[in-house]
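To start, the structure under review is shown below, and the notes come after it.
For the numbers below, each heavy atom of this structure counts, side chains included, while hydrogens, waters and symmetry mates do not. For this chain, numbers begin at 1 and follow the sequence in order.
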Amino acid sequence: MIEARAVTFRYPGETDPTLHGVSVSVEAGEVVGVVGPNGSGKSTLGRLLKGLLLPNEGSVSIDGLDTGEHGLEVRRRVGLVFQNPNSQIVNAVVEHEVAFGPENLGLPQAEVRARVDEALRAVGLAGRELAECHSLSMADKQRVAVAAVLAMQPGHLILDEATAWLEPSARWHLLDTILQWARSCRAGLVLITHRMDEAQICSRLYGMLDGKIEVEGSPQEILADPPTRARLALALPESLVLTSELRAAGLPVPQNASIDVVAEAICES
């Protein structure tokens, strides 16, 4: 379980805190989203949950381990994928990058090889093992960054705008892969995102504004409330726009229905 309790954090040299009394929790196997405008503190929260930053007040714990007391173990248990893969990739060759984490865990070479192959296959980079990371597109670099984290087999995963460089079809394929992985090992998944279509796959959302939790609730509750969307600068997902227009036209489409459900309703009408 991931748990932050009344966390306040201030960057060195800053007078005002970036986070003020933030409390969040993510159960094993749960998918939780963090949304809000730029500068609201989402990425800082992700780094605190990973143990890369320590709170000035309050506490963060992972599976009962305080990040201030068990930093190394926490960082082993929590994977974090950044928005910019150039901030994360440290090796020249793809397979070396993906193997870097498992090797540092002291795993046997056969286990490292198996994890590398499985992770690259999952993100669609099988056969690119010997490619040079610097020559890859930003989208493929992002796949390498995700594969490197999956190869560590963390107990929890934080995605900080990790699909920003991917086209929609590739983005959903990668997200599906990550969701399947999370379900298979009951990993807690934190999705920090500006994309409200992605936010809809979460069971709960935390909406952040000015370093505070402004609202918590299901995606349906938060996205269906115009004042909340306006405060948090959240765009209405295209699927919600479509269902609203179809319902206004008299078609029996459930509110917040998926595109597949909408298509079935149209075919039956």
Side-chain angles (χ1 to χ4, degrees), residues 31-47 49-50 52 78-101 115-154 156-182 187-202 205-206 208 219 232-239 259:
V31 182
V32 172
V34 181
V35 299
N38 288 332
S40 59
K42 302 187 301 297
S43 292
T44 297
L45 176 60
R47 285 158 175 75
L49 298 181
K50 167 69 173 175
L52 299 178
V78 180
L80 172 61
V81 181
F82 296 100
Q83 178 178 3
N84 186 344
N86 291 325
S87 302
Q88 193 156 353
I89 293 174
V90 297
N91 287 279
V93 178
V94 167
E95 67 176 4
H96 294 167
E97 176 65 21
V98 180
F100 183 73
R115 289 194 184 195
V116 169
D117 291 343
E118 181 181 0
L120 289 176
R121 187 164 52 248
V123 301
L125 288 178
R128 306 286 299 279
E129 291 84 358
L130 300 181
E132 295 184 355
C133 292
H134 72 84
S135 68
L136 298 175
S137 66
M138 287 296 286
D140 282 343
K141 287 181 180 179
Q142 195 66 282
R143 291 185 176 91
V144 171
V146 171
V149 171
L150 292 183
M152 293 282 289
Q153 297 185 359
H156 311 280
L157 180 60
I158 302 167
L159 302 180
D160 187 1
E161 301 285 355
T163 63
W165 298 97
L166 300 177
E167 294 294 325
S169 59
R171 176 162 55 93
W172 283 108
H173 175 76
L174 185 61
L175 279 175
D176 285 342
T177 296
I178 293 171
L179 288 171
Q180 290 173 19
W181 166 81
L189 180 59
V190 179
L191 194 62
I192 300 172
T193 184
H194 282 102
R195 301 179 186 272
M196 293 305 103
D197 54 348
E198 293 183 2
Q200 288 182 286
I201 69 177
C202 301
L205 295 181
Y206 288 103
M208 295 191 67
L232 300 181
L234 306 180
L236 193 63
E238 292 181 358
S239 59
I259 294 298

> Would you find a donor on one side and an acceptor on the other, under 3.5 Å apart, between the side chain of E161 and the backbone of N84?
Replying inline: no
> When rounded to the nearest 0.5 angstrom, what distance separates CG in L179 from CH2 in W172?
Replying inline: 8.5 Å
> Rounded to the nearest 0.5 Å, how far apart are OG1 of T44 and CE of M208?
Replying inline: 8.0 Å
> Do the non-hydrogen side-chain atoms of I89 and F82 ever get within less than 4.5 Å of each other?
Replying inline: no
>> I want to check something: taking the side chain as every heavy atom from C-beta on, are L174 and L166 in contact at a cut-off of under 4.5 Å?
In response: yes
> Roughly how far, to the nearest 0.5 Å, is CZ of R47 from CG of L49?
Replying inline: 11.0 Å
>> Minimum heavy-atom separation for A199 and P219, please, with both atom names.
In response: O-CG, 3.4 Å
>> I want to check something: taking the side chain as every heavy atom from C-beta on, are L136 and R128 in contact at a cut-off of under 4.5 Å?
In response: yes
> Does E97 use its side chain to pair, donor to acceptor, with the backbone of N91 at less than 3.5 Å?
Replying inline: yes
> Closest heavy-atom contact between V149 and P154?
Replying inline: O-CD, 3.3 Å
> Could you go step by step and tell me if W181 and L150 meet the side-chain contact (heavy atoms from CB on, under 4.5 Å) rule?
Replying inline: CA-CA 8 Å; W181 166 81; L150 292 183; 3.8 Å; yes
> Does any N or O in the side chain of R115 come within less than 3.5 Å of the main-chain N or O of A151, such that one atom is a donor and the other an acceptor?
Replying inline: yes
>> Tell me whether K50 contacts the main-chain N or O of V78 through its side chain, where contact means a donor paired with an acceptor under 3.5 Å.
In response: yes
> At their closest point, which heavy atom of I158 faces which heavy atom of G46, and how far apart are they?
Replying inline: CD1-O, 3.6 Å
> Given the rule in the side-chain contact (heavy atoms from CB on, under 4.5 Å) test, do V144 and V123 qualify, once you have shown the distances and angles that lead to the verdict?
Replying inline: CA-CA 8 Å; V144 171; V123 301; over 6 Å; no
>> Given 3.5 Å as the limit, does a donor-acceptor pair link the side chain of S137 with the main chain of D140, or not?
In response: yes
> So do the side chains of Q88 and Q83 get within less than 4.5 Å of each other, counting heavy atoms only?
Replying inline: no
>> Has E198 got a side-chain atom pairing as donor or acceptor with L191's backbone, closer than 3.5 angstrom?
In response: no
> Between V190 and L157, is a side-chain contact (heavy atoms from CB on, under 4.5 Å) present by the stated rule, with each step listed?
Replying inline: CA-CA 6 Å; V190 179; L157 180 60; over 6 Å; no
> Looking at M196 and A235, what are the two nearest heavy atoms and their distance?
Replying inline: CG-O, 2.9 Å
> Any side-chain heavy atom of T163 within less than 4.5 Å of one from Q142?
Replying inline: no
> D197 and R171: side-chain contact (heavy atoms from CB on, under 4.5 Å), yes or no, with the steps?
Replying inline: CA-CA 11 Å; D197 54 348; R171 176 162 55 93; 3.4 Å; yes
> Around atom CD of E129, are there more than 12 heavy atoms of other residues, nucleotides or ligands at under 6.0 Å?
Replying inline: yes
>> I need the minimum non-hydrogen distance between S43 and D160, along with the two atoms involved.
In response: OG-OD2, 2.7 Å
>> Restricting to non-hydrogen atoms, name the atom on P85 and the atom on A145 that form the minimum distance, rounded to 0.1 Å.
In response: CB-CB, 4.3 Å
>> Under a 3.5 Å distance rule, please check whether W165 uses its side chain to pair with a backbone N or O of K141 as donor and acceptor.
In response: no
>> Rounded at 0.5 Å granularity, tell me how far CG in L45 sits from NZ in K42.
In response: 10.5 Å
>> Using a 3.5 Å distance criterion without hydrogens, assess whether the side chain of E95 forms a donor-acceptor pair with backbone atoms of L130.
In response: no
> Quick one: are V94 and C133 in side-chain contact, heavy atoms under 4.5 Å?
Replying inline: yes
>> So V35 and T193, do their side chains get closer than 4.5 Å, heavy atoms only?
In response: yes
